[in-house]
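When a ligand or atom number is given, it counts from 1 through the structure's own listing order. Scope of the values below: all heavy atoms of this structure, side chains included, with no hydrogens, waters or symmetry mates.
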Amino acid sequence: MAAHQERKLAEERKHQNMQNGTKASQGQWGRAWEVDWFSLASILFLLMFAPLIVYYFVMSCAQYQCSLTAPLLDLLTGNKHLSDIWNRTPMLTFQAAGIYSLWVTFQVILYMSIPDFCHKFLPGYVGGVQEGAVTPAGVVNKYEINGLQAWIITHVLWFANASFLHFFSPTIIFDNWIPLLWCANILGYAVSTFAMIKGYLFPTNAKDCKFTGNFFYDYMMGIEFNPRIGKWFDFKLFFNGRPGIVAWTLINLSFAAKQQELYGEVTNSMILVNVLQGIYVLDFFWNEAWYLKTIDICHDHFGWYLGWGDCVWLPYLYTLQGLYLVYHPVQLCTAHALGVLLLGLLGYYIFRATNHQKDLFRRTDGNCRIWGRRPEYIECSYTSVDGTKYYSKLTTSGFWGWARHFNYTGDLMGSLAYCLACGFGHILPYFYIIYMSILLIHRCLRDEHRCSSKYGKDWKRYTAAVPYRLLPGIF
Ligand code: NDP
């Protein structure tokens with residue numbers, strides 16, 4: 001069996017590496033082959049606590065008006081027992097199961113059955129069949145990019161329903177928020193477990209599988225690189241984009257509708273959160289072809305981290321600001337609102353411009369202009385598993401000359417703006433900026449470790465030319 005051979009191969013490679021005294025050699029960039037104790041401890045921590053963290057946040061809002069400390073204090077002082085909190089938590093309902101099944105099925109249909117038509121009439125939009133990056137095994141996958149169309153159809157139907165069809169209330173998501181959490185968890189665990197079994201029994205591409213031999217690490221970080229069902233159903237592209245990111249804007253709209261229902265108005269803070277996060281989501285789908293070149297698709301394997309993360313973590317924790325504003329309808333003064341808007345737009349501009357510069361540079365192989373000049377770059381080479389040598393370039397122009405991950409800096413500015421839109425009453429809406437800082441700093445270090453294994457001395461030349469990671473002169 002192909003997967004079995006690949007596991008044997010992995011063992012041999014591990015043995016060879018140890019003999020050579022190297023941990024990563026050519027053709028082995030990507031997810032680790034060996035698991036150090038720190039990674040294992042972090043993974044066990046996340047597997048045990050991430051679902052509880054999500055529950056804790058959502059429960060704090062439902063039962064404690066979004067106070068993160070009040071439930072803990074209640075428990076520590078004996079005022080309440082865990083069972084009291086649990087007994088007040090809504091359970092899974094048939095209604096929520098029905099809504100969630102319909103939602104996921106509808107997104108599968110949009111993803112699989114309607115080839116992209118947006119690229120035929122939207123100038124500048126890249127959709128339809130596109131190629132991903134070269135995988136460590138040297139494979140180039142094709143993807144049907146139709147996320148923008150799925151987002152538009154979904155939202156047109158949402159607004160049609162809210163305005164005149166009235167099949168369901170626009171508050172439907174908020175009203176079923178905790179029962180839907182159980183459904184999202186069921187899907188998240190089911191898809192991660194299926195991906196693991198599939199990696200062992202019928203991988204899409206056995207050469208792009210990685211087995212560390214550690215069950216928890218493999219479950220969390222994934223075995224298969226690009227698991228697929230059939231030719232086109234790509235797990236990574238579907239789960240990240242559809243149940244996760246298409247849902248993001250709908251969830252925010254549902255929270256806005258709830259504010260309207262409860263207080264008779266939608267606050268400027270809620271509008272800011274909807275608009276700024278809406279821009280971010282729309283940007284994602286407008287640039288879905290670019291997403292094929294990001295770390296999620298190019299380097300991460302598909303396991304619980306992506307599968308459960310896309311189904312549960314993303315829709316529940318990235319939308320905390322909107323949820324908070326349902327319980328605390330903050331009306332910002334004009335100066336505060338303008339400040340948030342400017343920070344959000346500036347962050348978005350930096351995020352988009354930086355990503356665009358890299359994308360343009362890579363697509364044209366450096367034959368382009370960045371800030372009006374021919375880009376400067378460092379030539380690099382790397383080798384895939386089969387020994388084929390590839391050449392690549394790292395640009396040092398534009399924002400990529402300011403810092404090695406200035407796109408993350410822009411992202412963090414935007415993230416901070418969403419949090420600031422909620423005022424200063426509680427810590428809960430600030431979870432997002434804390435989480436994004438940890439995520440992106442960790443990602444930065446992870447990416448640099450990988451690039452260093454991939455490019456070797458060429459990476460050293462690049463870091464010498466661009467010495468800072470996020471903030472020029474500081475970090
Ligand atoms: P990048 O888009 O920065 O991609 C990093 C890769 O780009 C590297 O591995 C390397 O790949 C290549 N690269 C690095 N430096 C250069 C250079 N100077 N010139 C050309 N290519 C270079 O990172 P991500 O994929 O992590 O992020 C993409 C965006 O998504 C970011 O803006 C980030 O903020 C956002 N993001 C948002 C998240 C969220 O949850 N909201 C989560 C994660 C990311 P190669 O091997 O091809 O050389």
Practice task
State whether a side-chain donor-acceptor pair under 3.5 Å links Thr249 with Gln277.
Solution key: no

Would you mind finding which of [options] brings a heavy atom closest to [atom]?
{"atom": "atom 24 (P) of ligand 1", "options": "Tyr390, Tyr408, Tyr455", "answer": "Tyr408"}
{"atom": "atom 33 (C) of ligand 1", "options": "Ile297, Thr294, Asp411, Ile378", "answer": "Asp411"}
{"atom": "atom 46 (O) of ligand 1", "options": "Arg446, Lys454, Gln357", "answer": "Lys454"}
{"atom": "atom 16 (C) of ligand 1", "options": "Leu394, Thr354, Asp300, Asn407", "answer": "Leu394"}
{"atom": "atom 32 (O) of ligand 1", "options": "Thr409, Asn355, Asp283, Leu440", "answer": "Asn355"}
{"atom": "atom 20 (C) of ligand 1", "options": "Arg362, Met436, Arg443, Arg450", "answer": "Arg362"}

Practice task
Output all residues satisfying side chain to side chain donor-acceptor pair (under 3.5 Å) with Trp313, sequence neighbours left out; order by chain, then residue number.
Solution key: Tyr435

Exercise for the section: Please say whether His405 places an N or O atom under 3.5 Å from an N or O atom belonging to ligand 1. Expected result: no

Say whether [X] and ligand 1 are in contact under the criterion: heavy-atom distance to a ligand atom below 4.0 Å.
{"X": "Leu439", "result": "yes"}
{"X": "Arg404", "result": "no"}
{"X": "Tyr462", "result": "yes"}
{"X": "His299", "result": "yes"}
{"X": "Tyr291", "result": "no"}
{"X": "Trp459", "result": "no"}
{"X": "Tyr280", "result": "yes"}

Completion exercise
Heavy atoms of His155 and Leu253 approach each other most closely as CD2-CD1, 4.0 Å

Practice task
Report yes if the side chains of Phe302 and Phe225 come closer than 4.5 Å at any heavy-atom pair, otherwise no.
Solution key: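 No, every pair of side-chain atoms sits at 4.5 Å or beyond.
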
Practice task
Inspect the contact between Glu224 and Lys210 and indicate whether a charged nitrogen and a carboxylate oxygen are less than 4.0 angstrom apart.
Solution key: no

Handout entry: Ion pair Asp359/Lys293, N-O distance below 4.0 Å
Key =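 Looking at Asp359 and Lys293, the cut-off is not met.
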
Handout entry: Numbering as shown, the atoms of ligand 1 that approach Asp447 to under 4.0 Å (heavy-atom distance)
Key = 5 (C), 8 (C), 9 (O)

Exercise for the section: Provide the number and element of each atom of ligand 1 under 4.0 Å from a heavy atom of Lys393. Expected result: 20 (C)

Handout entry: Quiz item: cation-pi between Lys258 and Phe174, 6.0 Å / 45°
Key =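 Not flagged: Lys258 not positioned over aromatic ring of Phe174.
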
Problem - Charged tip of Arg242 within 45° of Phe106 ring normal and under 6.0 Å - result: no

Exercise for the section: Just say parallel, tilted or perpendicular for the rings of Phe406 and Phe399, cut-offs at 30° and 60°. Expected result: parallel

Practice task
Anything under 30° is parallel, anything over 60° is perpendicular, the rest tilted; go ahead and classify Tyr280 against Phe351.
Solution key: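 Ring orientation, 0 to 90° scale: tilted.
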
Problem - For His119, all residues meeting ring pair (Phe, Tyr, Trp, His ring centres under 6.0 Å), sequence neighbours excluded - result: none

Exercise for the section: Using a 4.0 Å heavy-atom cut-off, say whether Ala133 meets ligand 1 through its side chain, its backbone, both or neither. Expected result: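 Answer for Ala133: neither.
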
